[in-house]
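Read the structure below first, then the notes.
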Amino acid sequence: MKIASWNVNSVRARRERLFRWLATHEADVVCLQELKTTEADFPFDDLRAAGYHAVIHGQKTYNGVAILSRVEATDVERGFGDGGVDTQSRLIAARVAGVRVASVYVPNGQEVGSEKWGYKLAWLGCLRSWLDARCSPGEPLVLCGDFNVAPEARDVYDAAAWESTVLFHPDARSALERVRSWGFTDTLRIHHQEAGLYSWWDYRMLAFPKDNGLRIDHILASEPMARRCTAASIDRQERKGQLPSDHAPVLSEFRDA
DNA sequence: ATGGTTGCTTAGCAA
């Protein structure tokens, strides 16, 4: 099973690129983030024609997450399901061919110390609570998405400079580690140890040509899935050319149970 | 050096 995760930064703006990418990579499951649209404007019909079912937790203008799958998903959950205060569409989970898949868009946090920063750290705490309450480390589970946090210095082009920002601040890294330590393995690091593997580059300041990137998109696997992980990669190619997303897709492959 | 770019929505915000 080939599983991908991609922050498309508007599914409408990325429509052509998305369909071209799906046809090229033939993933079994694709988690999307930052749809920036509701179900009304989501291309369900064209995706069906391309061979994908889709379940989405949409939102107008901001956020929005989806799971595309060759096999139809069941047991769909939208949000933390706690009847709580979270009005932003940042989590969808479902079962696909015996594997539980979650697509998350963690808040960016904007500026350390801001209200949005507090929301980011609280949201990551809610994600850990959701895992504790609704999931088991012993089940086949993959948690995919834009976490808006780079785990380690080797995931950041200039760690010292980025440590004071929301994407690599020690408090953000601690909050991410608290999620990971629930029982996940970072699948990219099963297969690749080198520094400089990035999934996001700022649109500004020639960040991509200079390779000033960070690895903030992750496919985390529970132990039963980590054992089955045979490959992991980042599709840096997709960041090139005219009007790309600012994120590259990340991919991991899993052998059958 | 608070710049620079993209998307949504239409002047300003979010990333």
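Naming convention: chains lettered A, B, ... in sequence-line order (proteins, then strands); numbering from 1 in each chain.
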**OP:** Let me know, please, whether P244(A) or Y105(A) comes out on the 5' side of the other along DNA chain B by nearest nucleotide.
**Re:** P244(A)
**OP:** Let me know the distance between CG of N108(A) and P of dA14(B), rounded to the nearest Å.
**Re:** 11 Å
Original post:
How many Å lie between CG on N7(A) and P on dA14(B), as a whole number?
Top reply: 17 Å
Subject >> Residue whose nearest DNA chain B nucleotide is more 5′ - L243(A) or D246(A) >> reply: L243(A)
Original post:
Looking only at atom C1', what distance separates dA15(B) and dT2(B), rounded to whole Å?
Top reply: 15 Å
**OP:** With sequence neighbours excluded, tell me which residues meet ring pair (Phe, Tyr, Trp, His ring centres under 6.0 Å) with H25(A).
**Re:** W21(A)
Subject >> Residues K2(A) and E26(A) bridged, charged N to O under 4.0 Å >> reply: no
Original post:
Where the side chain of R12(A) is concerned, which of dC8(B), dG7(B), dA15(B) is the nearest nucleotide?
Top reply: dC8(B)
**OP:** For dT9(B) versus dA14(B), give the span between their C1' atoms, rounded off to a whole number of Å.
**Re:** 12 Å
**OP:** Quick one: list whatever passes salt bridge (Lys or Arg N to Asp or Glu O under 4.0 Å) with R215(A), sequence neighbours left out.
**Re:** D155(A), D186(A)
Subject >> Between dC8(B) and dG4(B) - P atom distance, rounded Å >> reply: 22 Å
Original post:
Distance from L68(A) atom CG to L22(A) atom CG, nearest 0.5 Å?
Top reply: 6.0 Å
**OP:** Between dT6(B) and dA1(B), how far apart are the P atoms? Round to whole Å, please.
**Re:** 26 Å
Original post:
Nearest-Å distance, CG (L35(A)) to P (dC8(B))?
Top reply: 11 Å
**OP:** Name every residue in residues 195-213 of chain A that has at least one heavy atom under 4.0 Å from any atom of DNA chain B, in order of residue number, or write none if there are no such residues.
**Re:** Y203(A), R204(A), M205(A)
Original post:
How many Å lie between CD on E111(A) and C1' on dA14(B), as a whole number?
Top reply: 13 Å
**OP:** Report the distance from atom CD of Q242(A) to atom C1' of dT5(B), rounded to the nearest whole Å.
**Re:** 13 Å
**OP:** Look at the rings of F80(A) and W123(A) and say which category their plane angle falls in: under 30° parallel, 30 to 60° tilted, over 60° perpendicular.
**Re:** tilted
Original post:
Rounding to a whole Å, what distance do you find between R17(A):CZ and dT6(B):C1'?
Top reply: 13 Å
Original post:
Got a sec? Which of residues 54-66 of chain A come in under 4.0 Å of DNA chain B, heavy atoms?
Top reply: K60(A), T61(A), Y62(A)
**OP:** Would you please say whether a donor-acceptor pair under 3.5 Å links the side chains of S222(A) and E139(A)?
**Re:** no
Subject >> salt_bridge(R15(A), D46(A)) N-O dist < 4.0 Å >> reply: yes
**OP:** Using side chain to side chain donor-acceptor pair (under 3.5 Å) as the criterion, list what pairs up with E253(A), not counting sequence neighbours.
**Re:** none
Original post:
For residues 201-226 of chain A, which residue pairs qualify under ring-ring contact (aromatic ring centres under 6.0 Å, His included), counting only residues two or more places apart or in two chains?
Top reply: F147(A)-H218(A), W201(A)-F208(A)
Subject >> Between P of dG7(B) and CG of L18(A), the distance in whole Å >> reply: 14 Å
Original post:
Does the pair R20(A)/E238(A) count as a salt bridge with the N-to-O cut at 4.0 Å?
Top reply: no
**OP:** Report the distance from atom CG of D41(A) to atom C1' of dC8(B), rounded to the nearest whole Å.
**Re:** 12 Å
**OP:** Could you measure between the two P atoms, the one in dG3(B) and the one in dC13(B), and give it in whole Å?
**Re:** 14 Å
